[in-house]
There are 2 protein chains.
Amino acid sequence: MTEIIKKNNPVKQTRTMILDVSAKLFSQYGYNGTVIRDIAQALNMKAGSLYYHFDSKEQLVLEVLTIGIENIIDTVQREVAALPKNCSSKEIVQAATKGHLLALLEKGDYTSTSIRNLGQLPEPVQAEVLVIRDRYEDMWRKWLLDAQTNGEIKANVNLKVLRLSILGVLNRTLAWYKKGELTIEEIAGMQIGYFWDGVSA
Amino acid sequence: MTEIIKKNNPVKQTRTMILDVSAKLFSQYGYNGTVIRDIAQALNMKAGSLYYHFDSKEQLVLEVLTIGIENIIDTVQREVAALPKNCSSKEIVQAATKGHLLALLEKGDYTSTSIRNLGQLPEPVQAEVLVIRDRYEDMWRKWLLDAQTNGEIKANVNLKVLRLSILGVLNRTLAWYKKGELTIEEIAGMQIGYFWDGVSA
DNA sequence: GTCTATAAGGCGATAGAC
DNA sequence: GTCTATCGCCTTATAGAC
């Protein structure tokens with residue numbers, strides 16, 4: 001089923017390729033649905049060999065998740081940092097949205113596992129991931145609070161529900177996005193547009 | 001871990017209690033993370049006994065998922081049917097939203113499995129569930145098209161992205177909803193309010 | 001209907017050869 | 001670094017007693 005990719009990538013380090021394949025399989029079949037033998041087979045290796053690079057399956061998934069979330073944070077921060085000074089809150093939120101979707105949909109194997117299945121992972125993994133995720137949500141808390149403070153967002157809007165709704169829309173995009181139909185920029189523009197300006201005539 | 005519930009429910013049929021417990025465990029730990037022994041233990045039964053009621057684990061999860069989606073459809077249709085004639089599209093969408101969240105958050109064990117983990121289930125199960133889910137999405141397609149046709153939704157809004165975004169917000173609510181903070185009606189009102197009228201001042 | 005017992009195979013992980 | 005071989009445990013499912 002899963003093609004063998006090791007021989008086609010003689011440059012990449014084995015450790016990195018194990019992470020890539022693990023991310024892909026975890027993302028597709030879940031943590032409990034992915035077995036060490038599948039990961040090894042996709043790399044044309046034997047199961048036992050992976051334990052030279054990783055202590056356990058649990059450590060492997062934790063590393064995949066950590067890379068995924070930090071990837072989102074980096075991409076979002078880069079998009080926001082590229083904005084001109086004195087831009088509006090809407091522009092910041094739009095840039096953050098684009099960054100979030102870019103990381104999620106283009107390098108999605110690493111990120112989607114934590115979004116779809118965090119609750120099914122071993123407890124210690126959940127705890128570590130939640131620390132990083134909370135750091136990320138703090139960034140959104142700040143942007144939305146700024147927007148309400150400076151008057152761009154109505155005073156009676158519940159910022160917690162708004163933040164969770166925006167991130168909900170973005171994360172759920174994973175469930176239906178198909179490459180080639182709409183660009184990520186187009187989707188980001190529509191999604192924030194609907195929240196910001198509404199859809200009513 | 002999971003409490004034993006059989007003796008406390010002498011009335012309910014065993015088959016129904018197996019479904020209830022399975023839904024709860026599948027929803028929490030996923031299909032591959034839930035083992036037959038856990039389901040049996042929660043009912044103070046032995047694993048082998050379940051096979052008197054169900055042919056296989058696969059058939060069991062299929063039944064849970066089918067009940068879940070049909071539960072959403074029924075609840076949504078009831079909420080919409082309770083509206084007065086000649087109501088606006090916004091009222092219909094709001095009622096559907098309330099119904100969706102009611103089914104999802106209050107009887108969520110049955111519904112959340114298919115939303116969180118459909119892609120990780122056995123192929124035949126996925127195929128059957130998608131048929132019912134598509135029937136449900138057709139209802140939303142119609143309501144949103146009506147809304148755009150009668151002028152309530154701006155002509156340039158992409159209805160597909162809007163539908164997937166709305167359902168995305170609703171389904172993702174599972175990931176953060178906590179009983180007691182906000183009522184389901186309040187959340188439904190905010191979420192559709194943000195989409196419909198926007199949040200900008 | 002539920003039990004005990006067990007089949008038949010899959011799982012994560014380890015040890016030691018190369 | 002990767003292999004072979006295997007340990008000990010867990011998994012779904014079945015057979016037959018009660």
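Numbered from 1 within each chain, the chains take letters A, B, ... in sequence-line order.
- For the side-chain contact (heavy atoms from CB on, under 4.5 Å) test, residues two or more places apart in sequence or in another chain that qualify with A:Lys160 are A:Asn158, A:Arg163, A:Leu164, B:Glu181.
- The base of C:dG10 has none of its N or O atoms less than 3.5 Å from a complementary donor or acceptor on the side chain of A:Arg37.
- Taking atom CD1 on B:Ile39 and atom P on D:dA13, their separation rounds to 11 Å, with Å as the unit.
- In summary, B:Asp74 and B:Arg78 do not engage in a salt bridge, as defined by a charged side-chain N under 4.0 Å from a carboxylate O.
- Side-chain contact, B:Ser56 with B:Gln59: no donor N or O sits under 3.5 Å from an acceptor N or O.
- Residue B:Tyr52 contributes atom OH, which lies 16 Å from atom C1' of D:dA17 at whole-angstrom precision.
- For B:Gln41 and D:dT11, the CD to P distance is 11 Å, given to the nearest whole Å.
- As a whole-Å value, the separation of A:Lys46 NZ from C:dG16 C1' is 18 Å.
- Following rounding to the nearest Å, A:Ile36 (CD1) and D:dA5 (P) show an atom-to-atom distance of 21 Å.
- Here B:Tyr51 does not reach the OP1 or OP2 of D:dT14: none of its side-chain N or O atoms lies under 4.0 Å away.
- Using a 4.0 Å cut-off on heavy atoms, the residues of residues 53-60 of chain A that approach DNA chain D are A:His53, listed by number.
- Between A:Thr14 and D:dT2 there is a side-chain polar atom (N or O) within less than 4.0 angstrom of OP1 or OP2.
- Between B:Lys12 atom NZ and C:dG1 atom P the separation is 17 Å, expressed in whole Å.
- When distances run from any side-chain atom of B:Val35 to the nucleotides D:dT2, C:dT2, D:dT11, the shortest one goes to D:dT11.
- For the residue pair A:Ser22 / A:Glu63, no side-chain donor-acceptor distance below 3.5 Å is found, with atom types taken as modelled.
- At D:dC3, one or more side-chain N or O atoms of A:Ser49 fall inside 4.0 Å of OP1 or OP2 (strictly under the cut-off).
- Annotation: cation-pi geometry satisfied between A:Lys57 and A:Tyr31 (NZ/CZ under 6.0 angstrom from ring centroid, within 45° of ring axis).
- Summarising the geometry, the separation between CG on A:Leu50 and P on C:dT14 is reported as 13 Å, rounded to the nearest angstrom.
- Distance, B:Asn32 CG to C:dG10 P: 15 Å, rounded to whole Å.
- A salt bridge does not link B:Asp138 to B:Arg135: none of the charged nitrogens lies less than 4.0 Å from a carboxylate oxygen.
- Contact check for A:Asp38 versus A:Tyr29: no side-chain heavy atoms found under the 4.5 Å cut-off.
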